[in-house]
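Order of the sequence lines fixes the chain letters, A, B, ..., with proteins taken first and strands second; residue numbering starts at 1 for each chain.
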2 protein chains.
Amino acid sequence: MKDMTTGLRERKRLATKHSIQEKALDLFDERGFAAVTIEEIAEAAEVSPSSVYRYFGTKEQLIVADDFADLSQEALDHILDPHDPLGTARRIVADYESTPAGVNAAEGAGKSPWRRVHYFFQEPTVRLAVYASLDEASSRIAASLLSRQGMSEAKARVAAHAFVFGYFAALEQWHVDGGKRPIVDYVDDGMAVLREIWTNPDR
Amino acid sequence: MKDMTTGLRERKRLATKHSIQEKALDLFDERGFAAVTIEEIAEAAEVSPSSVYRYFGTKEQLIVADDFADLSQEALDHILDPHDPLGTARRIVADYESTPAGVNAAEGAGKSPWRRVHYFFQEPTVRLAVYASLDEASSRIAASLLSRQGMSEAKARVAAHAFVFGYFAALEQWHVDGGKRPIVDYVDDGMAVLREIWTNPDR
DNA sequence: ATAATTCTGACAGTCACTGTCAATAATTTT
DNA sequence: AAAATTATTGACAGTGACTGTCAGAATTAT
């Protein structure tokens, strides 16, 4: 068995995936999410429609990709502080803002890492895809909360959902506000309401 | 202008809608949600596929219908206690359990009002449709919270999302547990974690 | 070089969903 | 009661996301 992470095949794979997503975002920016078909994206990226589906599964995933899902369980455990949801949220923002890999980096200037986020709030189907992604993140957080805190399964589930979807709500406030102030400000403000949720198992 | 709520036309409308949903649920129970097509539902209900779409819009809405959305803003304000999310959640459960209208009532015994809820957790697409519905409920709750409490818009949004999706998480715990204990137990347990969220604007 | 494995594009098909239109049924007006 | 108005219906044609299959091409292992 060989390396599997540096081979030509793997490099091509990543390059292709990156290229597809980039071309797709360009088209979306030009003509709007709904008005672009998978076939057109495939043509622009010089691959077959089959490949687009192979790489992304759904049209929405071209935007949502793996903002949360690609966090490994270990990385999650590292970022997660069961006593401080607000700090955890800040860390997630910071983490995302400095992400060196993915579609956001690797391209020149001018394109904010938050470019894709706009679609979260503009396209209802994309929003739902994000919710599906938040859902997955939540169950991993709940598992972590359950094993590290003494809370019941019900409490762990509720706390995780409250945190993850609350975080999204804070993001939305940023978006509604036109993105004037930095995101972390809105997270600080909004998530303060959850401050003590994770702390004490029985209150 | 006439009554508009008792006319023959309106009665037929409701009867048809009810019938479609009932037949659809029967088919889903028999063969599973994904395996049933709209065309088959239309045939079973003796209407055209067009009518199914006219009444429900999407396949998922045949199950989700209007569990939350049909609460008027006034009814919501009545049920909502900005100082007590747990009590509010209990009231929503009680309200739903005693619902006299809709698909749940109006048919004989044997069918629990929670029959449709199972699909929330079994069919991913239905779950997402529920999330869309929760989303709408959340924005109305946030509006109410914003006007009645002194919190910032960000806090109101986060609190509403945390409440609504937390409530769903509690429901899921009930479902995962096989529905042994009554739902209100799981709500009591899980939602306790949110107890003081709505109360104080700046903590 | 050859064999095994993986990736790709082509193709055919399903089904949710949209929009339009003429026929029909209910309601209002005369 | 008939006519005019309005709402509801089914038929129809279409779009596009998504699935499954399969043979050929590219990469990797022997």
#### Entry: Test item: K59(A) side-chain N/O and V36(A) main-chain N/O as donor-acceptor pair under 3.5 Å
yes
### Query
Taking the side chain from Q21(A) and the backbone from L62(A), do they hold a donor-acceptor pair closer than 3.5 Å?
yes
Just the rounded figure in Å: distance from [atom2] of [N] to [atom1] of [X].
X	N	atom1	atom2	value
K12(A)	dT5(C)	NZ	P	21 Å
E46(B)	dT9(D)	CD	C1'	15 Å
E40(B)	dA16(C)	CD	C1'	13 Å
L128(B)	dA16(C)	CG	C1'	16 Å
E10(A)	dT8(C)	CD	P	11 Å
E39(B)	dG13(C)	CD	C1'	15 Å

Would you compute the distance between atom [atom1] of [X] and atom [atom2] of [Y] and round it to the nearest 0.5 angstrom?
X	Y	atom1	atom2	answer
L76(A)	I92(A)	CG	CD1	7.5 Å
F33(A)	L27(A)	CZ	CG	12.0 Å
I63(A)	R115(A)	CD1	CZ	9.5 Å

### Task
Only counting residues at least two apart or in another chain, list the ones meeting ring pair (Phe, Tyr, Trp, His ring centres under 6.0 Å) with F168(A).
F121(A), Y131(A)
### Message
If you assign R13(B) and P49(B) each to the DNA chain D nucleotide with the nearest heavy atom, which residue ends up on the more 5' nucleotide?
### Response
R13(B)
### Task
Could you check if a side-chain atom of R54(B) sits within less than 4.5 angstrom of a side-chain atom of S51(B), using non-hydrogen atoms only?
yes
### Task
For R9(B) and for I38(B), locate the closest nucleotide of DNA chain C by heavy-atom distance; then report the residue assigned to the nucleotide nearer the 5' terminus.
I38(B)
### Query
Taking the six-membered ring for Trp, are H161(B) and F165(B) parallel (under 30°), tilted (30 to 60°) or perpendicular (over 60°)?
tilted
### Message
Checking contacts here: which listed nucleotide (dG16(D), dT9(D), dA16(C)) is nearest the side-chain heavy atoms of T37(B)?
### Response
dA16(C)
### Where D189(B) and K155(A) come nearest, the two heavy atoms and their spacing
OD1-NZ, 2.7 Å
### Query
Quick one, which residues of residues 50-60 of chain B touch DNA chain D with a heavy atom under 4.0 Å?
S50(B), S51(B), R54(B), Y55(B)
### Inter-end axis angle, the helix from dA1(C)-dT30(D) to dT30(C)-dA1(D), with every axis fitted to five base pairs (rounded, 10 degrees)
20°
